[in-house]
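Since this is a predicted model, take the numbers as computed values, not measurements.
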Amino acid sequence: MTMAFQHQAGTAMECLSIPVTLHKEPGFDADGKEVLKCGFKIGGGIDQDFRRSPHGYTDNGVYVTEVVQNSPADRAGMRMHDKILQCNGYDFTMVTHKKAVDYIKKHPTLNLLVARKGVTSS
């Protein structure tokens, strides 16, 4: 199992910023309403207590906690435990969980910048 970053907020982090472009696909939510699906779930945010994370996260970043197989996120190359640094140019390093979710839901195409543990060069 891949563990999360060991990173202290406000300090430099050695990692490669990986660009990911995700095009959402039409689908339906639990109520049968048509929505655009991206195929991943997130956890974290500056309003969350990372010490309660079941994934061992060590900061208040926004992390990918699930990637649905064969989803737009999976095909775009996203992986569980990726740390989302930016979404469409918007800084995700100091964002609340709700703000991150709302921002992701709002856009049909997501141009993400993610950091991945253990990836420090291309």
Asp74: side chain to side chain contact (heavy atoms under 4.5 Å, CB included) partners, not counting sequence neighbours: Val67, Gln69, Asn70, Ser71

Beyond-backbone contact of Leu85 with Val114, side-chain heavy atoms, under 4.5 angstrom: no

Counterpart residues, side-chain hydrogen bond (donor to acceptor under 3.5 Å, both in side chains), relative to Thr96 (two or more places apart): none

Hydrophobic cluster partners of Ile46 (side-chain heavy atoms under 4.5 Å): Met94

With sequence neighbours excluded, residues passing side-chain hydrogen bond (donor to acceptor under 3.5 Å, both in side chains) with Asp29: none

Phe50 and Tyr57 aromatic centres sub-6.0 Å: no

Considering all heavy atoms, the nearest Gly43-Thr65 contact: N-CG2, 3.5 Å

Residue list, side-chain hydrogen bond (donor to acceptor under 3.5 Å, both in side chains) with Asp49, at least two apart or on another chain: Arg51

Qualifying residue, where the test is side chain to side chain contact (heavy atoms under 4.5 Å, CB included) with Met78 and the options are Val64, Ile18, Leu110: Val64

Beyond-backbone contact of Lys24 with Cys38, side-chain heavy atoms, under 4.5 angstrom: yes

Asn88 CG to Leu113 CG distance, which is reported to the nearest 0.5 Å: 11.5 Å

Closest contact, heavy atoms only, Asp91 versus Val95: O-CB, 4.2 Å

Contacts of type side chain to side chain contact (heavy atoms under 4.5 Å, CB included), residue Ala76, not counting sequence neighbours: Val20, Leu22

All pairs passing side chain to side chain donor-acceptor pair (under 3.5 Å) where residues 31-47 contributes a residue, at least two apart: none

Within-4.5 Å side-chain heavy-atom neighbours: Phe40 and Asp82: no

Any pair counted as salt bridge (Lys or Arg N to Asp or Glu O under 4.0 Å), so long as it reaches residues 94-103, sequence neighbours left out: Lys98-Asp102

pair Pro19-Asn111: side-chain heavy atoms closer than 4.5 Å: no

Qualifying ring pair (Phe, Tyr, Trp, His ring centres under 6.0 Å) pairs, either residue in residues 95-115, two or more places apart: Tyr90-Tyr103, Tyr103-His107

Worked verdict on His81 versus His55 for side chain to side chain contact (heavy atoms under 4.5 Å, CB included): CA-CA 8 Å; His81 303 307; His55 301 289; 3.6 Å; yes

Nearest non-hydrogen partners of Asn60 and Gln48, listed with the distance: OD1-O, 2.9 Å

Reported CD1-to-CG distance for the pair Ile104 and Leu112, which is rounded to 0.5 angstrom: 7.0 Å

Residue list, side-chain hydrogen bond (donor to acceptor under 3.5 Å, both in side chains) with Glu25, at least two apart or on another chain: Arg75

Closest non-hydrogen atom pair, Gln86 against Gly89: OE1-CA, 3.9 Å

Minimal non-hydrogen separation, Val101 against Ile42, with atom names: CG2-CD1, 3.8 Å

